[in-house]
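Heavy atoms only: backbone and side chains are in, while hydrogens, waters and symmetry mates are out. Naming convention: chains lettered A, B, ... in sequence-line order (proteins, then strands); numbering from 1 in each chain.
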Amino acid sequence: MELAQFLNSAQVEAVEHRQGPLLVIAGAGSGKTRVIEYRVLNLILNQVEPTSILLLTFTRRASREMLARAAKQDPKCGLVEGGTFHSFGVRLLRRYAGRIGIKENFTILDSADAPEAMRRVATALGYYQLPLRFPQKSSLQKILSAATNKQKPIAEILEQDYPNFQACAKELENLRLQYARYKLEMGYFDYDDLLLYSKLALEIKEIRAEVQAQFQYIMVDEYQDTNQVQGEIVALLAQSHGNVMAVGDDAQSIYGFRGAQHANILSFPSLFPGCKVIKLETNYRSTQDILDLGNQVLEGMQQKYSKRLVSAERRRGQAPSLRVFKEPAEEAAWIAEKIQELYHQGVPLREMAVLFRSSHLSFQTQTELAKRKLPFEVHGGKKFSDMAHVKDLLSYFKLLYNPKDELAWNRVLMLLTGVGPKTASRLIETIQAQADLLEVHEFFLSLPEKRIYKGELLLLSAALGQARGQVHDLASCYSTLLRAYQPYLEQRYDNWTQRKKDLETLSQIAGRYHDLHQLLLDFALEPPERGVVAVQGVTQAAEGAIVLSTIHSAKGLEWGAVFLIGMMEGIFPTAYSLKSPEAIEEEERLFYVALTRAKNQLFLSFCHYGFAGGITQFNQPSRFVQNLSLEREDRPPPVRTKKPPPLEAAQALSKEELLAKLAKMF
DNA sequence: TTTCGACGTCTTTTT
DNA sequence: GACGTCGAAA
């Protein structure tokens, strides 16, 4: 294969690299995906076994796409082991469960389960009865997770980010230990555990030797977003052969809040002596006008591999612009109009995106697009499985998989009338002593008749029993469980018909699976996004849809025209970041990521009036746009609505007359 | 012991 | 608007 036909010289050099460590610093739009894709292909064309290549990426979608494209040229590429660190961890842990000393059929705690589990442990330890204010479950999760991901003692995390909880350091340290014990007993693993136990597994000499022997070539994408533990996992994987390629862009490190250390990519060469470093600076994505803006942002950054983006064809285009609006509705209306205009000029809808710092900023735009029947999909923000009714139904599924799952039982039992926390705990205790669902059913039968929840309990376990027999056919299994859940759905929610639709969507997703375990795994590791339901529009699906996305979820993607909304101080950068210079730098990198998503056109905007904490406030433009040379376009003159002339006093009706008129209308 | 309503607090980004 | 806490009633 003549690589130079498809790649520039720096890319060829990276693709042809075979042995030893390699770091590829790939600026935005410099074709790093292509490099990974072609390197996989090149290795395979040079007789490397596909199963000896491991490709670790940030999202499962990223690895799937890269491997799928490579597989078009050689189907063997499809056999490459690819996925996120977390999914790799799951496979590793299942395979070596026996040797590590953990249960083989474990359950993954998602971002809602983990805090709940922590609270249960903390409650059992009596920490909520202490005379000190103990963190609530979401803070517990953040504190313990930060300690794990940054590999720092709790006290240090508290000092930096939670000074108000410094008095709880001892208790939290103990909670961390007891929570770990609890999970081990229950067979639960939270996200952090998947990484932590992977590292632990790889520290066992025999396991490490076996894994190293299998994976001769390690590739890691988005290296700038790896955290301490992930960095250590990479080091362990590559220890013997040193065949590790890290690809990333230090300027695009945007997951510091999750413990990512952008120092990882900076220190990669010193970690692997003899490491070759290749920079990709030629940009194939954006016009020079957009890149100039990106370069301005790059210049302001402190710690970095210095680089400058240059457009491959020196392509000029429309200058990026900044627009100021009075309020979000006005901004949304303008965006919708502009989208229609671009569409009529021939830009397909799927080539347009609206990006924002936090998901709620897109509400107005969503409404406006829906009103105009423009199809769109929303990425980022709430997950499908965050909705209470979806979690309820998934809990039923979890019980089929593991009849001793305490968190799932708790959720399911609490639905029953007459069951509160106390009763649920007591029931669960006995349930866990039973061998299987059949014995659980017998236990329910043996309960005294006067328990008001007995009838419901029996209906529930009958449904579970029936569903258990249908696990080979998840679609009918699902409908059995949905029938059992239906009464609770109707009883609990006014808008149950809407929610029923969500559950029907879930039914379609569930029906695509053949394996219950895989279904639960995917829902935990890669929950379907709630907003990826395109609005029915006048255009056909082939046109695609406009993408509304958080900047985080837009990483690695590109569009012809990009609208970046909400450029207000306190929103972007968020008020949270203002206390520390490091956090503001991360926001700045995030801004850089957002800008460099655009190929041809880039529109920035902000509104003076905005909502924050329930009150309307006057916003200043973001510091990010103030220093940039941007074409500032004034908003269109506001539409003035004429005020009706005030009524003459004599014309006004008395209260009695009003009531009389109303009564006639009843 | 459960259930319900009133009130206060916090509200980012994701595997 | 979601979640937690507290007190009162059933």
Side-chain angles (χ1 to χ4, degrees), chain A residues 56-63 83-90 108-116 119 123 128-129 133-142 145 148-149 164 189-196 198 222 225-227 229-230 253-260 355-363 379-383 385-388 413-426 451-453 492 521-527 529 549-555 566 570-578 583 586-587 589-591 593-594 611-615:
Chain A
L56 293 171
T57 52
F58 203 69
T59 62
R60 194 110 59 108
R61 191 179 58 183
S63 79
T84 60
F85 276 89
H86 293 87
S87 66
F88 171 69
V90 168
I108 293 170
L109 300 184
D110 67 21
S111 50
D113 299 332
E116 182 61 32
R119 183 171 63 175
T123 309
Y128 286 106
Q129 270 129 44
R133 190 181 145 85
F134 202 71
Q136 293 185 346
K137 62 178 180 180
S138 63
S139 304
L140 285 180
Q141 197 274 333
K142 281 182 192 143
S145 184
T148 301
N149 284 312
N164 48 328
F189 286 80
D190 63 21
Y191 290 140
D192 300 335
D193 290 331
L194 296 177
L195 302 180
L196 218 50
S198 296
E222 309 281 10
D225 285 321
T226 54
N227 64 28
V229 185
Q230 289 167 323
S253 168
I254 55 175
Y255 280 91
F257 69 91
R258 208 174 88 178
L355 304 183
F356 31 84
R357 171 68 239 258
S358 37
S359 46
H360 69 266
L361 292 168
S362 72
F363 290 166
H379 295 271
K382 281 242 178 310
K383 293 286 184 290
S385 45
D386 286 341
M387 295 184 283
L413 293 176
M414 290 282 279
L415 291 171
L416 310 184
T417 32
V419 178
K422 282 272 149 56
T423 312
S425 301
R426 269 201 304 264
R451 302 283 164 84
I452 42 168
Y453 47 82
R492 285 165 79 89
L521 222 55
D522 279 3
F523 258 84
L525 288 181
E526 247 200 333
E529 283 176 300
S549 173
T550 58
I551 303 170
H552 284 89
S553 296
K555 190 162 83 153
I571 306 287
F572 191 20
T574 89
Y576 280 94
S577 67
L578 300 180
E586 177 150 318
E587 297 286 303
R589 291 193 293 269
L590 192 58
F591 180 49
V593 169
F611 252 46
I615 49 160

Task: d(NE2, A:His552; P, B:dT15) in whole Å - done: 11 Å
- [ ] Provide, to the nearest angstrom, the distance between the CG atom belonging to A:Leu521 and the C1' atom belonging to B:dT15.
- [x] 12 Å
Open item on the list: So A:Tyr576 and A:Glu587, do their side chains get closer than 4.5 Å, heavy atoms only?
Closed with: no
- [ ] Have a look at A:Ser359 and say if it touches a base, only the backbone sugar-phosphate, or nothing, with a 4.0 Å heavy-atom cut-off.
- [x] sugar-phosphate
Open item on the list: For C:dG4 and A:Lys137 - does any side-chain N or O of the residue sit under 4.0 Å from the phosphate oxygens OP1/OP2?
Closed with: yes
Open item on the list: Looking at A:Tyr128, I'd like to know whether one of its side-chain N or O atoms comes within less than 4.0 Å of OP1 or OP2 on C:dT5.
Closed with: no
Open item on the list: At less than 4.0 Å, is any side-chain N or O atom of A:Thr550 found next to OP1 or OP2 of B:dT14? Yes or no.
Closed with: yes
Task: A:Phe572 CZ to B:dT11 C1', straight-line distance once rounded to whole Å - done: 18 Å
Task: First of A:Val419 and A:Ala524 reached from the 5' end of DNA chain B, by closest nucleotide - done: A:Val419
Open item on the list: With the stacking rule set at 5.5 Å and 30°, tell me whether A:Tyr576 counts as stacking on B:dT12.
Closed with: yes
Task: Protein-nucleotide distance (A:Asn227, atom CG; B:dT13, atom P), rounded to Å - done: 20 Å
TODO: Check A:Gln141 against A:Ala114 and note the closest heavy-atom contact, atom names and distance.
DONE: CG-CB, 4.4 Å
TODO: Report yes if at least one side-chain N or O of A:Ser553 is closer than 4.0 Å to OP1 or OP2 of B:dT14; otherwise report no.
DONE: yes
TODO: Using a heavy-atom cut-off of under 4.0 Å over every strand shown, decide if A:Pro421 touches base, sugar-phosphate, or nothing.
DONE: sugar-phosphate
Open item on the list: If you take the centroid of each ring, where Trp contributes its six-membered ring, are A:His86 and A:Phe58 closer together than 6.0 Å?
Closed with: no
Open item on the list: Nearest whole Å is fine: how far is B:dT14 P from A:Phe356 CZ?
Closed with: 10 Å
- [ ] Please state how far atom CG in A:Leu413 lies from atom P in B:dT2, giving the value in whole angstrom units.
- [x] 11 Å
Task: Mutual orientation of the aromatic rings belonging to A:Phe363 and A:His360 [parallel < 30°, tilted 30-60°, perpendicular > 60°] - done: perpendicular
TODO: Round to a whole Å and report the spacing from CG of A:Asn164 to P of B:dC10.
DONE: 9 Å
Open item on the list: Measuring from atom CG of A:Leu525 to atom OG1 of A:Thr59, what distance do you get when rounded to the nearest 0.5 angstrom?
Closed with: 12.5 Å
Open item on the list: I'd like to know if A:Arg258 reaches the base of B:dT13 with its side chain such that a donor and an acceptor end up less than 3.5 angstrom apart.
Closed with: no
- [ ] Would you mind reading off the distance between A:Arg119 atom CZ and C:dC3 atom P, rounded to a whole angstrom?
- [x] 11 Å
Open item on the list: Check for me: is A:Tyr255 stacked on B:dT14 by the 5.5 Å centroid and 30° plane-angle rule?
Closed with: no
Open item on the list: Please confirm whether the shortest side-chain N or O distance from A:Thr574 to OP1 or OP2 of B:dT13 is below 4.0 Å.
Closed with: no
TODO: Name the nucleic acid region contacted by A:Thr423, choosing base, sugar-phosphate or nothing; use a 4.0 angstrom heavy-atom cut-off, strictly under.
DONE: sugar-phosphate
